[in-house]
A.B. asks: 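Pasting a structure here, questions to come.
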Protein chains: 2
Amino acid sequence: MATIRDVARAAGVSTSTVSLTFGEPSRVSDETAQRVWEAASTLGYRPNPLAQSLKRGHSRLIGVTVGDITNPFFGRLFKHVERNAHEAGYHVIVTDTDAQADREEQVLAQLDAQRIAGIILTAHGSGPHYTSHLERLKAPVVTVDHRVPGTKLDYVASDTRLAASIITEHLVRLGHRRIAHIAGTPHLFTAGERIAGFVETMRRNGLDVDHSLIVDGHFDYENAYAQTMRLLTRPDRPTALFAANNMMALGALQAIFELGFDCPRDISLACIDDVPWSSVIRPKITMVEQDIPELARIATDYLVSRMSVSGRDAPPRETILTPRLVMGTSTAPPPA
Amino acid sequence: MATIRDVARAAGVSTSTVSLTFGEPSRVSDETAQRVWEAASTLGYRPNPLAQSLKRGHSRLIGVTVGDITNPFFGRLFKHVERNAHEAGYHVIVTDTDAQADREEQVLAQLDAQRIAGIILTAHGSGPHYTSHLERLKAPVVTVDHRVPGTKLDYVASDTRLAASIITEHLVRLGHRRIAHIAGTPHLFTAGERIAGFVETMRRNGLDVDHSLIVDGHFDYENAYAQTMRLLTRPDRPTALFAANNMMALGALQAIFELGFDCPRDISLACIDDVPWSSVIRPKITMVEQDIPELARIATDYLVSRMSVSGRDAPPRETILTPRLVMGTSTAPPPA
DNA sequence: ATCGGCCATCGAACCGGTTCGAGTATCGTA
DNA sequence: TACGATACTCGAACCGGTTCGATGGCCGAT
């Protein structure tokens, strides 16, 4: 690979002139620039980004961590983030953390040591150890979807408590009184908000909350399936299920099918997040959708502006989008 | 951030000794190493990977391109690749190319200029221009899933012609004679192989191939949906559909539903690739599954060995895995 | 003719590591 | 006592860029 010195020699100028030609063409005379361009192109010269990054102190790479890239929510979020980042001139290192906070911490430390330019984080940890770890990072961090309470990081998400409220209200209006909530990983902010929204809305409607109907599905298919099997084989089984995310709704649906129930005739089901290819899943699940492209757009914008010199010490920003109910065919009044 | 010189000063040694302590501890006396460790840890020193990469001439980054990260096949493939790469000490830059060859070329050129250590490619291009572009890359390249004919790149995939054969054979055995094939993007090797496997198997069973029943679904949901709508509203509609991938099977299924057909009573459907969350999709689609973790494992192994000094000029290798039929409930004998 | 200012260019230092060749101290052996 | 071998350690060059301060040529104004 040709280096800047090769080009300088070929064009009969110094390396600083070559560097200038690429970086600040206005400071170089037209004839000189011309000669440099020619020399560079015949030698096939491309500046070595490694050397540039070393000198500049940071790279044109951003890091993204997701809990599970095969979850369509994260997949679609990432797809948009990646496209935006590209347009802003960044490459994206993505790490699938399997929703494990310790893997996340470890990866973040490595990326930070790489002098990565910025990080978009779907956080999966909590507690003082975790937050202090995040605060120690040199790279700017934007959190998406999950908030990390106790940090001053930029944050973009949907109004998740409202989402839970909308679903709960919908089920209550249909006449359900025994509603189970398949909740997410307990210590996560988002999971807590969804539980809070559920409980609030139940109470507001004058309904008792049976805490044994709030179960931990850990945001994944398998746990939701197992918990639903347990819920639906109880003598006092619920008439409706509210899953805190898409994967858990699918796990719940499998349990409903296997136990021979009809959804929605016997059991209603609704969830937060977009269920993939919902039009071929029957019943079509009623859900509260997030605006994924917009989440991605704002997250990338926040990060890009924070990576600029001026944005470094700006006060933290946050945006909360309003989710919207998408009716399916998976909810109906409870059996008489 | 502390540099190696800070550590050297604090430990009262030279920078070379510090470097040695981290790289080849055996060459440093125990007491000295001890002092260096202490100095490093109190200063919070971590070697700057940028500087290391610059000096070594390559980074600990590999690039992965996928056609569409929201397609569960790519998602799961990537997830495994990423995990393996991590274990081998690499970070992964992933780019979603939207299955566009020109975006792929552009990204590959950028990554190559970054002195990326290696590339895992799910290729979406063809033709001499494309192949010569690939051959010019400095970084070693391993291709997965799609082969690029005319290049000498490592290659890992399933026996895709066999996969097509298995599906076709299965449908023929059930008694179908008018079978439509919803094919992938025409110029791609994999799409061609699947068509070839289909045609071969039809002929071997003494059946005519009606070429108007081989349609281009472009490997995606929307096109497959549209093509299926067209196929199933023909007077001489097929009794079975064979989709060349998972997304197209879902698109076809949606068309089947919308037209009010029953699958499998009226129309049988089968496909190649794993359909995500197939246990909640009714009917459960009969499919030929690829061993994704194994594909990922081999691809990463190939790349890691090629990135080593000794592997650089080794002859190209390839592995073809045998796919397996997973019965669902979406296929049945044709209506009488 | 002299001076100040601007423009284009250059040399050299620097980013933070790695590595090679050389220097010094220690030890065993002749 | 002299010698070479061995074990550590060091200084300096280098990877390939960026950038600061300096230099020289040229212009217009005084």
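Below, chains carry the letters A, B, ... as their sequence lines are ordered, and counting in each starts from 1. Keep in mind the model is a prediction, meaning the values are calculated, not measured.
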A.B. asks: Of the nucleotides C:dG17, D:dG17, D:dT9, which one has an atom closest to the side chain of A:P47?
C.D. replies: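 For the A:P47 side chain, the nearest candidate turns out to be D:dG17.
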A.B. asks: Using only heavy-atom distances, determine whether the side chains of A:T65 and A:R103 contain a donor-acceptor pair under 3.5 Å.
C.D. replies: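 No, because no side-chain N or O of A:T65 sits under 3.5 Å from a partner of the opposite role on A:R103.
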A.B. asks: Take atom CZ in A:R46; do more than 12 heavy atoms of anything else shown fall under 6.0 Å from it?
C.D. replies: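 No, not enclosed.
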A.B. asks: Rounded to the Å, how far apart are A:I4 CD1 and C:dG11 C1'?
C.D. replies: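 Checked: the CD1 to C1' distance equals 14 Å.
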A.B. asks: Please report, rounded to the nearest Å, how far the C1' atom of D:dC14 is from the CG atom of A:L50.
C.D. replies: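 It is 15 Å, rounded to the nearest whole Å.
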A.B. asks: Check the side chains of A:T122 and A:H146 for a donor-acceptor pair under 3.5 angstrom, ignoring hydrogens and angles.
C.D. replies: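 No.
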A.B. asks: Between B:F78 and B:F73 (judged by ring centroids, cut-off 6.0 Å), do the two rings come close enough to count as a pair?
C.D. replies: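 Ring-ring flag for B:F78/B:F73: false, centres at least 6.0 Å apart.
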A.B. asks: Find the distance B:M1:CE to C:dG17:P and express it as a whole number of Å.
C.D. replies: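 Rounded to whole Å, this separation is 10 Å.
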A.B. asks: Nearest whole Å is fine: how far is C:dG17 C1' from A:R56 CZ?
C.D. replies: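 Computing the A:R56:CZ to C:dG17:C1' distance gives 19 Å.
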A.B. asks: Side chain of B:T3, heavy atoms from C-beta onward: which of C:dT9, D:dC8, C:dG17 has the nearest atom to it?
C.D. replies: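 Ranking C:dT9, D:dC8, C:dG17 by closest atom to the B:T3 side chain puts C:dG17 first.
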A.B. asks: Distance check needed: C:dC7 P versus A:E31 CD, whole Å only.
C.D. replies: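 Going from A:E31 (CD) to C:dC7 (P), I get 15 Å.
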A.B. asks: Without hydrogens or angle criteria, can the side chains of A:R60 and A:Y90 be said to hold a donor-acceptor pair below 3.5 Å?
C.D. replies: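 Yes, because at least one side-chain N or O of A:R60 sits under 3.5 Å from a partner of the opposite role on A:Y90.
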A.B. asks: Under 4.0 Å between a side-chain N/O of A:R27 and OP1 or OP2 of C:dA8, yes or no?
C.D. replies: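 So the side-chain polar atoms of A:R27 never come under 4.0 Å of the phosphate oxygens OP1 or OP2 of C:dA8.
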A.B. asks: If you pin B:V28 and B:A51 to their nearest nucleotides in DNA chain D, which one's is more 5'?
C.D. replies: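 Its nearest nucleotide being more 5', the pick is B:V28.
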A.B. asks: Choose from C:dG16, D:dT9, C:dT9 the nucleotide whose nearest atom is closest to any side-chain atom of A:T32.
C.D. replies: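 Nearest to the side-chain atoms of A:T32, counting from C-beta on, is C:dT9.
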A.B. asks: Among C:dA12, C:dT9, D:dT9, find the nucleotide with the atom closest to the side chain of A:T15.
C.D. replies: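 Looking only at heavy atoms from C-beta outward on A:T15, the closest nucleotide is C:dA12.
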A.B. asks: Calculate the interatomic distance between B:L54 atom CG and D:dT18 atom P; express it in whole Å.
C.D. replies: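 In whole Å, D:dT18 P lies 12 Å from B:L54 CG.
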A.B. asks: Just to confirm, is there a sub-4.0 Å distance from OP1 or OP2 of C:dC10 to any side-chain nitrogen or oxygen of A:T17?
C.D. replies: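 Checking A:T17 against C:dC10: at least one side-chain N or O falls below 4.0 Å of OP1 or OP2.
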A.B. asks: Would you indicate, yes or no, if D:dG16 has its OP1 or OP2 atom less than 4.0 angstrom from a side-chain nitrogen or oxygen of A:Q52?
C.D. replies: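 So the side-chain polar atoms of A:Q52 never come under 4.0 Å of the phosphate oxygens OP1 or OP2 of D:dG16.
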A.B. asks: With heavy atoms under 4.0 Å as the rule, sort B:R46 into base, sugar-phosphate or nothing.
C.D. replies: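 Touches sugar-phosphate only.
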A.B. asks: Indicate whether OP1 or OP2 belonging to C:dG17 is found under 4.0 Å from a side-chain N or O atom of B:Y45.
C.D. replies: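 Answer is yes, contact under 4.0 Å.
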A.B. asks: What is the distance from CG of A:D6 to P of D:dG17, rounded to the nearest Å?
C.D. replies: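 Going from A:D6 (CG) to D:dG17 (P), I get 9 Å.
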A.B. asks: Round to the nearest Å and state the distance from A:K55 atom NZ to C:dA13 atom P.
C.D. replies: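 In whole Å, C:dA13 P and A:K55 NZ are 12 Å from each other.
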A.B. asks: Judged by each residue's nearest nucleotide on DNA chain C, which is more toward the 5′ side, B:R5 or A:S16?
C.D. replies: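 Nearer the 5' end of the strand: A:S16.
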